[in-house]
Amino acid sequence: MAHPDVLIIGGGSAGIAAAAGAAETGADVVLLEKNTFLGGKATAAYVGTVCGLYYRNDDPVVRYAANGFPRVFAEKLQRLSDSSPFFYKHGLRFLPYDHLAFIQLCDDVVQQNKVTLYLDAHLMHVEKDGHRIHKVSAVIHNRSITFHPKVVIDTSGESTVARFAGMDTVENKTYQAAAQIFIMTGIATDDEQILHLSLLRSICKGIDDGTYQKHYDMLSVVPGSLKRSRAVFKLGLPFEVRNDPSEMTRLQLFARKAVTEIAHYLQIHNHLFKNAVLSMIAPETGIRTGPRNAGKTVLQKEDVMDCRKVGDAVARGTWPIELWAPGKKLHLEYFASNDHYDIPAGALQSASVTNLLFAGRNISASEDALASTRVIGTCLATGYAAGHLAAAVVRDESYEAAITTIQRSTFFE
């Protein structure tokens, strides 16, 4: 597989969907993932909920934003997780999931589609020849392997391919605040409202009497996660996220220390946690946004808020703009309920390299627009679309034909 049709960098939600989309057309697909397991932020950072799958409304039955692969993946994940869509405020709904079920499902998708998978694979070198990428090297289990792909899809979430190739990326000085996920078991209630209020009282009391650190106050229960005395918690971190490796390390170290201190405090000061134990700290801190690729089209905030429709749509966004600032509560900017905005094919296509596509958290979008598109449900849709667009390049077919295929397979109308 040194000369694959499609080489995908990143085995998260978008990467898995891209692999399925390209492989179902008959393309030879190689997928490189830096971790030793698949799922990306959904499993390494344990996001805990799949957002962006459904339209926002107050109907008792959920309405999917996409048909085809994104919906099939979501419904399988729901069954494997023994879960159901969670109805949140203002008509929002999302799907809580079990992270082991997510890994299992990703493994199944790769194997069923006969995708060649390399885990523990770290990108080392990308070489261009004019306006085409013709060589990609990676270290896989301490061995250097070089690929000569026809098309590359970057679903790394960090625009890794563009940076290794010396291409321009869209970057900010700072990004949205990060979060750390952890799990506690043995909690003395299965009522989420009781847990939420008890947690809030403990935090407020601890801050008042000096036994709980103020910058740990952004702590919450992940909605829909409390089952059988086990709950998933999210701690918002009080720092700005920057493109600085030393700061990223500091963030990870701070997050783990904070979680252990919080768990210890709750065990002592909250009767619901008297016999509870800290059973898991997510391996990665949840980084929400980062550098993006420069595409033929840049999705803007106005496109999202105005629910703009375009002829070359390959995915639909239904999640509001979700903004997290350090030390501040979640801010949501809603567009019309029961409506969506279109994500154009141009936002998945490189503006300067003819055989580079991207999907997931590093599509061509402004920071505000990305605050809506970055959610897992939308990543599944953009990934699947990128896989089909890549297959069109391999077959020397027009993007227009591929876009028509994508729209027929994933759009309801």
With a 6.0 Å cut-off (strictly less than), is the heavy-atom count around [atom1] of [X], excluding the residue itself, greater than 12?
| X | atom1 | answer |
| --- | --- | --- |
| Asp190 | CG | yes |
| Tyr88 | OH | no |
| Asp244 | CG | yes |

Once you round to the nearest 0.5 Å, how far does [atom1] of [X] lie from [atom2] of [Y]?
| X | Y | atom1 | atom2 | answer |
| --- | --- | --- | --- | --- |
| Leu7 | Asn355 | CG | CG | 10.5 Å |
| His271 | Ser202 | NE2 | OG | 8.5 Å |
| Tyr212 | Glu261 | OH | CD | 10.0 Å |
| Tyr64 | Thr318 | OH | OG1 | 12.0 Å |
| Arg242 | Met248 | CZ | CE | 12.5 Å |
| Leu332 | Leu92 | CG | CG | 6.5 Å |

Subject >> Validation row, ring centre Phe254 to ring centre His215 under 6.0 Å >> reply: yes
Original post:
Ring centres of Phe102 and Phe73 under 6.0 Å apart?
Top reply: yes
Strictly below 4.0 Å, N to O, side chains only: are [X] and [Y] in salt-bridge contact?
| X | Y | answer |
| --- | --- | --- |
| Lys309 | Asp339 | yes |
| Lys205 | Asp208 | no |
| Lys301 | Glu367 | no |
| Glu322 | Arg374 | yes |

**OP:** Show your reasoning for whether side chain to side chain donor-acceptor pair (under 3.5 Å) applies to Ser156 and Asp154.
**Re:** CA-CA 6 Å; Ser156 66; Asp154 185 352; 2.7 Å; yes
With a 4.5 Å limit on heavy-atom distance, are the side chains of [X] and [Y] in contact?
| X | Y | value |
| --- | --- | --- |
| Ser144 | Met124 | no |
| Ile16 | Ile8 | no |
| Phe87 | Val62 | yes |
| Leu356 | Met167 | yes |
| Val47 | Tyr97 | yes |
| Phe86 | Thr49 | no |
| Arg408 | Thr404 | yes |
| Ser350 | Asn293 | no |

Could you tell me whether the side chain of [X] and the main chain of [Y] form a donor-acceptor pair under 3.5 Å?
| X | Y | value |
| --- | --- | --- |
| Thr410 | Ile406 | yes |
| Arg288 | Ala177 | yes |
| Asn67 | Phe411 | no |
| Ser81 | Asp98 | yes |
| Thr155 | Gly360 | no |
| Arg63 | Tyr55 | no |
| Asp59 | Val61 | no |
| Gln176 | Trp324 | yes |
| Glu192 | Gly224 | yes |
| Ser198 | Leu195 | no |

Might you point out which heavy atoms bring [X] and [Y] nearest each other, and give the distance in Å?
| X | Y | answer |
| --- | --- | --- |
| Asn113 | Glu24 | OD1-N, 4.4 Å |
| Gly377 | Val50 | N-CG1, 3.7 Å |
| Tyr341 | Asp303 | CB-O, 3.4 Å |
| His340 | Cys307 | O-CB, 3.2 Å |
| Asp5 | Ala27 | OD2-CA, 3.6 Å |
| Arg292 | Ser159 | C-OG, 3.1 Å |

Original post:
Going by the angle between their ring planes, with limits at 30° and 60°, are His148 and His3 parallel, tilted or perpendicular?
Top reply: parallel
**OP:** Would you please classify the geometry between the Tyr46 ring and the His99 ring as parallel, tilted or perpendicular, with 30° and 60° separating the classes?
**Re:** tilted
Without hydrogens or angle criteria, can the side chains of [X] and [Y] be said to hold a donor-acceptor pair below 3.5 Å?
| X | Y | value |
| --- | --- | --- |
| Asn35 | Glu33 | yes |
| Thr211 | Asp209 | yes |
| Gln78 | Ser83 | no |
| His122 | Asp120 | yes |

**OP:** Check Thr43, Leu117, Leu38 against Cys106 for a side chain to side chain contact (heavy atoms under 4.5 Å, CB included) and give me the one that passes.
**Re:** Leu38
Original post:
Just one of Val170, Thr289, Val304 clears the side chain to side chain contact (heavy atoms under 4.5 Å, CB included) bar with Leu370, so which one?
Top reply: Thr289
Original post:
Hey, mind stepping through Glu158 and Asn362 against side chain to side chain contact (heavy atoms under 4.5 Å, CB included) and telling me if it holds?
Top reply: CA-CA 6 Å; Glu158 303 295 338; Asn362 58 0; over 6 Å; no
Original post:
Taking it one step at a time, do Tyr175 and Asn243 satisfy side chain to side chain contact (heavy atoms under 4.5 Å, CB included)?
Top reply: CA-CA 9 Å; Tyr175 300 97; Asn243 288 323; 3.1 Å; yes
**OP:** For Leu95 and Ile376, run side chain to side chain contact (heavy atoms under 4.5 Å, CB included): C-alpha distance rounded to whole Å, both residues' side-chain angles, the deciding distance at 0.1 Å, then the answer.
**Re:** CA-CA 10 Å; Leu95 180 67; Ile376 295 173; over 6 Å; no
Subject >> Verdict with supporting geometry, Leu197 and Gln193, side chain to side chain contact (heavy atoms under 4.5 Å, CB included) >> reply: CA-CA 6 Å; Leu197 293 174; Gln193 184 65 15; 3.8 Å; yes
